[in-house]
Chemist: 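Dropping the structure in here first, questions after.
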Protein chains: 2
Amino acid sequence: MDERALLLLGMLRAQSQHGYQINEFIERNLSRVTDMKKPTAYAILDRLSRDGYVRMHTEQEGNRPPRKVYSITPKGEQAFEDLLRATLARSDRFSAPGDIGLMFLTHLPRAEAIALLEQRMEDLATQRASYERAPRHDYDLGARLAIERILLHMETERGWLTGAIATLRDTPEQ
Amino acid sequence: MDERALLLLGMLRAQSQHGYQINEFIERNLSRVTDMKKPTAYAILDRLSRDGYVRMHTEQEGNRPPRKVYSITPKGEQAFEDLLRATLARSDRFSAPGDIGLMFLTHLPRAEAIALLEQRMEDLATQRASYERAPRHDYDLGARLAIERILLHMETERGWLTGAIATLRDTPEQ
DNA sequence: CGCCGATTAGTCAAGCTTGACTAATTTGAG
DNA sequence: CTCAAATTAGTCAAGCTTGACTAATCGGCG
């Protein structure tokens, strides 16, 4: 039971929803927050249902294909709160992903390493621009704090990249 | 083919190794950089072997259980470089993980939310201390840059958490 | 020497994740 | 009205990941 379950339980706490609705919302509005794919969401909902955290019943509107409607149970509400507390209380380890590449940085010619980090800086700028376009109001306090957080880390990353490139320029190869 | 393959290819580029050796090194020295588990490493090595990026042959020393020794092939060296370039050139998306919890922050009483974020700050401080204990020399340039990077982000996170807690204190509930 | 815990080396089954697919219904252009 | 494209709703098989396990050897203490 992880963050993905927390997200699904949180969405169902707000209102009962059918699978498609849930996945649409995630794809349209939460693509920055999670990369959970549709079949994963269905799988987790199945598990949550099997374990009694959500109830599932099928509904048929007109003669469209039947929908699976999920609602949270009291046990699910409890689990949501517990998970939320656990999640908020701990700081997850900072991204290793980019670092493995860094470990091998010195295996490339210095000039190329610099060029690649400059590309990384552009990539970062693009991502950042997309975040800055996000309307800051509309969102509730939690979401605003989350956006603020990401932007601060992006600025830190930009600063670090600038420094790293300078270090590479100043340090003799080998 | 992802960062885990990059790591394994990079390790084999330095020298041929048997499975146990690889996994020992990862567990002892790279636990901060990757959370790849032993069976995963074997599975990836199998795939790399199947696809011609590494060669695998079994060796028997004395009458100990046979070892699988992996060496990188020229095709593997090429793949390593390509992967390394691709990895260095892009900035991976900043951690969503912690953010899902934040999205639901306002579902808890304000006082509890504050207490939880204070716990998160302590957790962060613990992690940070463990990084600061890491000997800065010994490591090559790439690794030093990677450590520097994590420490900067940890400081940013501390600052953000301080601000977030202050905001929560100043913003009236609801 | 005998035996127990640690080390060496790896395997397996169960669960998780996702790209690709199915299949029906609605919409809209001509 | 009609046909193609888009939308709705979900499924499936294949691959990935890992906790738990096996099984042999080695080191050292009494």
Side-chain angles (χ1 to χ4, degrees), chain A residues 1-9 11-12 15-31 33-51 53-54 56-71 83 93 96-97 100, chain B residues 1-9 11-12 15-31 33-51 53-54 56-71 83 93 96-97 100:
Chain A
M1 284 239 290
D2 57 325
E3 299 247 319
R4 293 171 162 195
L6 177 65
L7 176 59
L8 292 173
L9 288 174
M11 289 181 66
L12 292 178
Q15 59 173 320
S16 298
Q17 300 187 58
H18 54 88
Y20 187 79
Q21 211 171 357
I22 292 172
N23 282 297
E24 269 302 283
F25 189 80
I26 290 175
E27 228 173 279
R28 287 210 201 295
N29 305 301
L30 303 180
S31 60
V33 170
T34 182
D35 55 355
M36 176 169 51
K37 299 301 188 298
K38 204 169 23 156
T40 309
Y42 279 112
I44 295 175
L45 286 168
D46 277 352
R47 178 165 53 73
L48 290 174
S49 170
R50 185 197 64 199
D51 297 348
Y53 299 108
V54 312
M56 181 184 79
H57 71 111
T58 42
E59 237 174 42
Q60 187 130 16
E61 197 180 330
N63 46 1
R64 314 192 95 271
R67 296 162 160 179
K68 296 184 174 176
V69 179
Y70 301 89
S71 357
L83 259 178
R93 243 157 266 313
I100 291 182
Chain B
M1 285 239 288
D2 58 327
E3 299 246 321
R4 293 169 164 198
L6 176 65
L7 176 59
L8 292 173
L9 288 174
M11 289 180 66
L12 293 178
Q15 60 173 321
S16 297
Q17 300 187 58
H18 55 89
Y20 188 79
Q21 210 172 357
I22 292 173
N23 282 297
E24 270 301 283
F25 189 80
I26 290 175
E27 228 174 278
R28 288 209 202 293
N29 306 300
L30 302 179
S31 59
V33 170
T34 181
D35 55 354
M36 177 168 49
K37 298 301 187 301
K38 201 169 23 156
T40 308
Y42 279 112
I44 293 175
L45 286 168
D46 278 351
R47 178 164 53 72
L48 290 174
S49 171
R50 186 197 64 198
D51 297 349
Y53 299 107
V54 311
M56 179 184 80
H57 70 112
T58 43
E59 235 174 45
Q60 188 131 18
E61 196 180 332
N63 46 1
R64 314 195 94 270
R67 296 161 161 181
K68 297 184 175 176
V69 179
Y70 301 88
S71 357
L83 257 177
R93 241 157 266 314
I100 290 182

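Quick caveat: nothing in here was measured; it's all calculated off a predicted structure. Lettering of chains follows the sequences in order, A, B, ..., and the numbering in each one begins at 1.
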Chemist: Taking side chain to side chain contact (heavy atoms under 4.5 Å, CB included) as the definition, give me every residue that meets it alongside A:Ser16, ordered by chain and number, with sequence neighbours left out.
Modeler: A:Val69, A:Ser71
Chemist: In Å and rounded to the nearest 0.5 Å, what is the CD1 to CD distance from A:Ile100 to B:Glu3?
Modeler: 5.0 Å
Chemist: Without decimals, in angstroms, what is the distance between B:Met36 CE and C:dG10 C1'?
Modeler: 16 Å
Chemist: What nucleotide, of D:dG10, C:dG10, D:dT17, holds the atom closest to the side chain of A:Arg67?
Modeler: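 Comparing D:dG10, C:dG10, D:dT17 against the side chain of A:Arg67, the answer is D:dG10.
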Chemist: How long is the line joining CG of B:Leu7 and C1' of D:dT17, in whole Å?
Modeler: 16 Å
Chemist: Please give, in whole Å, the distance from C:dT18 C1' to A:Ile44 CD1?
Modeler: 12 Å
Chemist: Could you work out which one of D:dA9, D:dT18, C:dG10 sits closest to the side chain of B:His18?
Modeler: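 So the side chain of B:His18 is nearest to C:dG10.
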Chemist: With rounding to the nearest 0.5 Å, note down the distance linking NZ in B:Lys37 to CD1 in B:Ile26.
Modeler: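 Rounded to the nearest 0.5 Å, the NZ-CD1 separation comes to 11.0 Å.
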Chemist: Measure from CD on B:Gln21 to C1' on C:dA9 and round the result to the nearest Å.
Modeler: 12 Å
Chemist: Can you name the salt bridge (Lys or Arg N to Asp or Glu O under 4.0 Å) partners of B:Asp35, sequence neighbours left out?
Modeler: B:Arg4
Chemist: Of the nucleotides C:dT17, D:dT17, C:dT8, which has the atom closest to the B:Arg4 side chain?
Modeler: D:dT17
Chemist: Taking N and O atoms by type only, does the side chain of B:Lys38 place a donor or acceptor under 3.5 Å from a partner on the base of C:dG10?
Modeler: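 Indeed there is one.
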Chemist: Please identify each residue that fulfils side chain to side chain donor-acceptor pair (under 3.5 Å) with B:Gln21, with sequence neighbours left out.
Modeler: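 In terms of side chain to side chain donor-acceptor pair (under 3.5 Å), with neighbours along the sequence ignored, B:Gln21 is linked to B:His18.
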Chemist: Expressed as a whole number of angstroms, how long is the span from B:Lys68:NZ to C:dT8:C1'?
Modeler: 15 Å
Chemist: Provide a list of protein-nucleic acid N or O atom pairs under 3.5 angstrom, restricted to nucleotides 12-15 of chain C.
Modeler:
none

Chemist: Counting distance only, does the side-chain N/O of B:Gln17 pair as donor-acceptor with the main-chain N or O of B:Tyr70 below 3.5 Å?
Modeler: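 The answer is no, because no donor-acceptor pair under 3.5 Å joins these two groups.
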Chemist: Taking the side chain of B:Tyr20 as its heavy atoms from C-beta onward, which of D:dT7, C:dT18, C:dT7 lies nearest to it?
Modeler: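 Side chain of B:Tyr20 sits closest to C:dT7.
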Chemist: Closer to the 5' end of DNA chain C via nearest nucleotide, is it B:Asp46 or B:Glu24?
Modeler: B:Glu24
Chemist: Taking side chain to side chain donor-acceptor pair (under 3.5 Å) as the definition, give me every residue that meets it alongside B:Arg28, ordered by chain and number, with sequence neighbours left out.
Modeler: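 B:Arg28 satisfies side chain to side chain donor-acceptor pair (under 3.5 Å) with B:Glu24 once adjacent residues are dropped.
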Chemist: Would you kindly give the CD1-to-P distance between B:Ile26 and C:dA9, to the nearest whole Å?
Modeler: 15 Å
Chemist: For A:Glu27 and D:dT8, give me the distance from atom CD to atom P, rounded to whole Å.
Modeler: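 In whole Å, D:dT8 P lies 11 Å from A:Glu27 CD.
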Chemist: What is the distance, to the nearest angstrom, from the CG atom on B:Asp2 to the P atom on D:dC16?
Modeler: 9 Å
Chemist: Look at A:Lys37 and D:dG10 and indicate whether a side-chain polar atom (N or O) is within less than 4.0 Å of OP1 or OP2.
Modeler: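 Answer no for this pair, as no side-chain N or O of A:Lys37 is under 4.0 Å from OP1 or OP2.
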Chemist: According to a strict under-4.0 Å criterion, is A:Thr40 in side-chain N/O contact with OP1 or OP2 of C:dT18?
Modeler: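 Result: yes.
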